[in-house]
Student: 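Just dropping this structure here.
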Amino acid sequence: MVVTDTISDMLTRIRNAHMVKHQIVEIPATKMSIAISSILKEEGFIQDFESYSEGLKKYLLLSLKYVEKSREPVIANLQRVSKPGLRVYANSKKLPKVLNNLGIAIISTSKGVMTNLKAKELGIGGEVLCYIW
C-alpha cells in the first residue's frame, strides 16, 4: 500500500491502537517516524520502540503506554498540523504552546526534528508537524 503522508499514517495507527487498547503497534519505518518515535519516548508518551525488517521492508514496533489501573492511554490526543496540501511554519518567536506547555508540538527544523520547547531554547523555527497531549 502506497502512503503519501507517512506522519499522518503513523499518528492514525497510534490513535487506532489506543482506541482498542493494543499494547504494540506496527508502523512502516522512515527517518521521520524514527525521529518522532524517539521524541515520544523521551517525553514519556510511549514505553519503547524497536525496528525490524521483513524482507526489504523496515518496520517500527511501538510499545504504547497506559495509566496503571484505568488502562487510559497516556496520549490523550494526537493532532496533525502541517499537511502535504498546507504546510504550517513557525519562527522561533511564534512557536506554538500546547496546553500551556503540558503537551508538546513536534517541529521539523534545520537542526533536526525536536519539540517546541527545545526549538525555543535553541532559538530556531521550522515546520510544525503535530501536537501531542
Side-chain angles (χ1 to χ4, degrees):
M1 183 167 91
V2 178
V3 177
T4 56
D5 188 6
T6 57
I7 299 169
S8 288
D9 180 56
M10 176 183 182
L11 298 179
T12 301
R13 286 176 188 237
I14 293 172
R15 238 183 267 118
N16 290 343
H18 272 311
M19 282 201 275
V20 292
K21 308 263 192 251
H22 281 230
Q23 188 65 37
I24 295 173
V25 62
E26 181 183 71
I27 297 168
T30 61
K31 289 180 184 179
M32 187 62 75
S33 64
I34 292 170
I36 291 173
S37 298
S38 66
I39 289 173
L40 291 176
K41 184 179 175 188
E42 284 174 19
E43 297 294 321
F45 288 109
I46 62 172
Q47 284 181 350
D48 201 5
F49 72 96
E50 64 180 50
S51 63
Y52 78 96
S53 56
E54 195 172 271
L56 295 175
K57 299 186 182 205
K58 294 183 180 179
Y59 295 98
L60 288 178
L61 286 177
L62 298 180
S63 179
L64 302 177
K65 199 172 189 180
Y66 294 93
V67 178
E68 296 284 327
K69 304 261 186 210
S70 63
R71 286 284 291 164
E72 287 296 317
V74 171
I75 299 173
N77 200 347
L78 294 164
Q79 182 181 357
R80 179 80 158 115
V81 178
S82 185
K83 300 176 175 113
L86 179 64
R87 300 289 183 189
V88 177
Y89 297 95
N91 63 19
S92 61
K93 294 178 183 73
K94 294 187 179 179
L95 286 170
K97 277 186 164 181
V98 180
L99 288 180
N100 209 8
N101 288 335
L102 292 175
I104 61 168
I106 297 180
I107 314 286
S108 176
T109 68
S110 58
K111 304 271 189 220
V113 179
M114 61 187 72
T115 65
N116 57 336
L117 302 174
K118 176 99 177 198
K120 183 111 176 145
E121 183 181 299
L122 294 174
I124 54 177
E127 182 182 354
V128 182
L129 298 176
C130 59
Y131 297 147
I132 300 171
W133 68 90

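Just so it is clear, the model here is predicted, and its values are computed rather than measured.
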Student: Could you measure the distance from the OG atom of Ser92 to the CD1 atom of Ile107? Nearest 0.5 Å is fine.
Tutor: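 Reported to 0.5 Å precision, the distance equals 11.0 Å.
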Student: Going by heavy atoms in the side chains, are Val3 and Pro28 under 4.5 Å from each other?
Tutor: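 No; the side chains remain at least 4.5 Å from each other.
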Student: Provide the closest heavy-atom pair for Arg71 versus Lys21 in the form atom of the first, atom of the second, distance.
Tutor: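 Result for this residue pair: NH2-O, 3.1 Å.
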Student: To check you understand the geometry: which heavy-atom pair defines the closest contact between Leu78 and Leu11, and what is its length?
Tutor: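 The pair with the smallest heavy-atom distance is CD1-O, 3.5 Å.
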Student: Please check if Ile106 and Val98 belong to a single hydrophobic cluster, counting links between Ile, Leu, Val, Met, Phe, Trp and Tyr side chain heavy atoms closer than 4.5 Å.
Tutor: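 Cluster IDs for Ile106 and Val98 differ.
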Student: Is Ile104 close to Phe45 at the side-chain level, that is, under 4.5 Å between some pair of heavy atoms?
Tutor: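 Phe45 reaches Ile104 side chain to side chain.
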Student: Evaluate the criterion side-chain contact (heavy atoms from CB on, under 4.5 Å) for residue pair Lys31 and Ile34; output intermediate values, then yes/no.
Tutor: CA-CA 5 Å; Lys31 289 180 184 179; Ile34 292 170; 5.9 Å; no
Student: Strictly distance-based, threshold 3.5 Å: is any side-chain N or O of Ser33 a donor or acceptor partner for the main-chain N or O of Ala29?
Tutor: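 Judged by distance alone, no pair lies under 3.5 Å.
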Student: How long is the span from the CD1 atom in Ile46 to the CD1 atom in Ile24, to the nearest 0.5 Å?
Tutor: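 Those atoms lie 11.5 Å apart.
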Student: Can you measure from CG (Leu62) to CD (Gln47) and round to the nearest 0.5 angstrom?
Tutor: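 Going from CG on Leu62 over to CD on Gln47, the span is 11.0 Å.
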Student: Kindly work out whether a path of hydrophobic side-chain contacts (I/L/V/M/F/W/Y, heavy atoms less than 4.5 Å apart) joins Val74 to Ile36.
Tutor: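 In one cluster: yes.
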Student: Considering only heavy atoms from C-beta outward, does the side chain of Leu117 approach that of Leu95 to under 4.5 Å?
Tutor: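 SC-SC contact between Leu117 and Leu95 ruled out.
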Student: Could you tell me the separation between the NE2 atom of His22 and the CD1 atom of Ile14, rounded to the nearest 0.5 Å?
Tutor: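 Interatomic distance, His22 NE2 to Ile14 CD1, rounded to 0.5 Å: 14.0 Å.
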Student: Evaluate the side-chain proximity of Ile7 to Met10: yes if any heavy-atom separation is below 4.5 Å, no if none is.
Tutor: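 With C-beta onward as the side chain, the pair stays apart.
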Student: Let me confirm one number: the OG-CD distance from Ser38 to Glu43, rounded to the nearest 0.5 Å.
Tutor: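 The CD atom of Glu43 is 10.0 Å from OG of Ser38, to the nearest 0.5 Å.
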Student: Would you mind writing out the side-chain donor-acceptor pairs for residues 119-133 within the sub-3.5 Å range, not counting sequence neighbours?
Tutor:
unit_1: Glu127; atom_1: OE2; unit_2: Ser82; atom_2: OG; d: 2.6
unit_1: Glu127; atom_1: OE2; unit_2: Arg87; atom_2: NH1; d: 3.1

Student: Is there a side-chain contact between Leu64 and Ile75 in this structure, where contact means two heavy atoms from C-beta onward sitting under 4.5 Å apart?
Tutor: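 No; the side chains remain at least 4.5 Å from each other.
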Student: How long is the gap from CZ on Arg80 to CG on Asp9, to the nearest 0.5 Å?
Tutor: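 The distance works out to 11.0 Å.
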